[in-house]
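Input: a single structure, listed below in structure tokens.
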Amino acid sequence: MTAATSGPRLRDVNRVAVLALIGRHGPISRADIARRLGLSPPTVTAVARSLIEAGVIRKVDDGISRGGRPGELLAVVGPAAHAIGVKVAAGRLTGVRADLDGTVLHTFSAPFDQTAVNPFDALSELLAPHVTAVGDAPLLGVGLGVPGFVDSRTGLVEAPLLGWRHMPLRDYLSQLLDVPVLVDNDVNTLAAYEHLYGLGRPYEDFLTITLGQGVGAAVVSAGDLRRGGHGAAGELGHLPIDPDGPPCHCGKRGCLETYVCDAALVQQAREVVAIGPDAGPADLRAAADDGHAGARAVYRAAGARLGTVAAGLATVLDPQAILVSGEGTLAWTHLAEGFLTALRAGMFPPMADGVSVHVDPWDDTKWALGAAALVLRAPFTMDAEPHADAIRARLAAFPGAEVTQ
């Protein structure tokens, strides 16, 4: 695993690998770490000792008596570091402060005017009190999830739903707050949460699909988020379905989103008189719950359309699991039949039974924790992403890392 690396870089690779395994699968024994990573027991012992001395991991009793001293397992010390995560949406932001093992220590929310003349200052003013209130444990940084993407070539944020174009959010905000800042698509941040702390923990390869105001996706492959050549991987809602279909806010016609997002479902339900002209998503769910055939047919058709698209993704990407989340899961009871039937029917047959589907109920706090996970996962990876080294340098486990922003 590390044969091509030597010197300090090798020590960091081993440290990251051991820390990542403990973080995702701990408490775990040294012997299991050595076996899973293909490292020698002396190497694991040396790395574990350095992490224990840094206060990042600790020994715990496995509770099993073997007639002698209890066996030792290793676990992450949650309070060793903190991060702040924020889900940015039109009109509002939701945030958390979390520690290294994903325990949420504090939540907050506030109105946010994304159209302000200077959204950098607006965000900085809202976040500064939370940055300064962390306490003794090091603050590794701030993560932000936005309904858009970060151009990997320029670092600029493109978020049409917020009216943001070419926004240098990461660099400006890190200067204003004087901490490392990471910014990513909000569905990617949710996938980061799932991978570190949620339903994605057992998997190295999975898809996250979100439903609600829009439709999004994130790809985790070999344990890493895949952002694509321009940072826009996962824009599932803008997959073209029918060039003569309904107009989309992206400027095209017939995108998937125009058929299965909340507004599209409400419009379809109005057309079949399942709900009234002033009704919304909650009214449509209520009609389906009450057994209205038209309302249920709208959901069934949307689920089938989404399932067909998901089958295509799964056939190409070969995930172990598909995780479904977002506000749209409030109606999952009605979407599920169409989705699961179309998914199984559309997949390459040898794969069809090997992809599990899990639904994670909607909770904005998870999205904010996912934004924090962008930062918290930096010590668990050798990510070369800008500011990742600065984040690692704030953790005692990486005393030689260069502090740059």
Kindly say whether G280 contributes a backbone atom to a donor-acceptor pair with the side chain of D283 at under 3.5 angstrom?
yes

Hey, does P246 have a side-chain heavy atom less than 4.5 Å from the side chain of Y259?
yes

Spacing of L182 atom CG and L173 atom CG [to the nearest 0.5 Å]
11.0 Å

Sequence neighbours excluded, every pair satisfying ring-ring contact (aromatic ring centres under 6.0 Å, His included) that has a member inside residues 302-349
Y299-H334, W332-F339

Side-chain donor/acceptor of R392 to backbone N/O of A378, under 3.5 Å
yes

Salt bridge (Lys or Arg N to Asp or Glu O under 4.0 Å) pairs touching residues 191-211, sequence neighbours excluded, are R24-E204

Donor-acceptor contact below 3.5 Å, side chain T210 vs main chain S325
no

Full working for side chain to side chain contact (heavy atoms under 4.5 Å, CB included) between K87 and T189:
CA-CA 9 Å; K87 181 183 186 295; T189 69; over 6 Å; no

Less than 4.0 Å between a side-chain N and a carboxylate O, is that true for R344 and D353?
no

If we ignore hydrogens and angles and just use 3.5 Å, is the side chain of D290 paired with the main-chain N or O of H292 as donor and acceptor?
no

Beyond-backbone contact of L225 with V219, side-chain heavy atoms, under 4.5 angstrom
no

Once ring-ring contact (aromatic ring centres under 6.0 Å, His included) is applied, what residue pairs with a partner in residues 234-256 remain, sequence neighbours excluded?
H238-H249

Does some side-chain heavy atom of W164 sit less than 4.5 Å from a side-chain heavy atom of L169?
yes

Pair M167, E158 - check side chain to side chain contact (heavy atoms under 4.5 Å, CB included), show working.
CA-CA 7 Å; M167 292 279 286; E158 306 289 333; over 6 Å; no

Counting only N and O atoms by type, is there a donor-acceptor contact under 3.5 Å from the side chain of T43 to the main-chain atoms of L39?
no

Given side chains that start at C-beta, do those of K59 and L74 come closer than 4.5 Å, heavy atoms only?
yes

Heavy-atom check, side chain of N185 versus side chain of V150, under 4.5 Å:
no

Kindly determine whether D363 and K366 satisfy salt bridge (charged side-chain N to carboxylate O under 4.0 Å, His left out), including the steps that lead there.
CA-CA 6 Å; D363 180 354; K366 293 177 182 177; 5.3 Å; no

F108 and H106 aromatic ring geometry - parallel, tilted or perpendicular at 30°/60° bounds:
parallel

Worked check of side chain to side chain contact (heavy atoms under 4.5 Å, CB included) between L306 and L211:
CA-CA 10 Å; L306 185 65; L211 310 171; 3.2 Å; yes

Given salt bridge (charged side-chain N to carboxylate O under 4.0 Å, His left out), test D244 with R253 step by step and report yes or no.
CA-CA 6 Å; D244 297 320; R253 300 186 72 92; over 6 Å; no

If we only count heavy atoms from C-beta on, is the L207 to L313 side-chain gap below 4.5 Å?
yes

Using a 3.5 Å distance criterion without hydrogens, assess whether the side chain of T258 forms a donor-acceptor pair with backbone atoms of C255.
yes

With sequence neighbours excluded, give me every ring-ring contact (aromatic ring centres under 6.0 Å, His included) pair touching residues 304-326.
none

For residues 50-57, which side-chain donor-acceptor pairs fall under 3.5 Å, sequence neighbours excluded?
from: S50; atom 1: OG; to: V47; atom 2: O; distance (Å): 2.7

Do any N or O atoms from the side chain of H230 and from the backbone of A232 form a donor-acceptor pair under 3.5 angstrom?
no

Any donor-acceptor N/O pair, R305 side chain to A342 backbone, under 3.5 Å:
no

Short side-chain to backbone donor-acceptor contact, R296 and A288, under 3.5 Å
yes

For a 4.5 angstrom cut-off between non-hydrogen side-chain atoms, does V355 reach Q320?
no

Are any of the side-chain heavy atoms of P379 and L19 separated by less than 4.5 Å?
yes

Does any pair with a residue in residues 168-192 pass ring-ring contact (aromatic ring centres under 6.0 Å, His included), and if so which ones, sequence neighbours excluded?
F120-Y172

Audit row: V104, Y197, side chain to side chain contact (heavy atoms under 4.5 Å, CB included) steps and yes/no
CA-CA 11 Å; V104 174; Y197 312 118; over 6 Å; no

Apply salt bridge (charged side-chain N to carboxylate O under 4.0 Å, His left out) to residues D184 and R227 and explain how you reach the verdict.
CA-CA 9 Å; D184 207 339; R227 297 179 173 86; 2.6 Å; yes

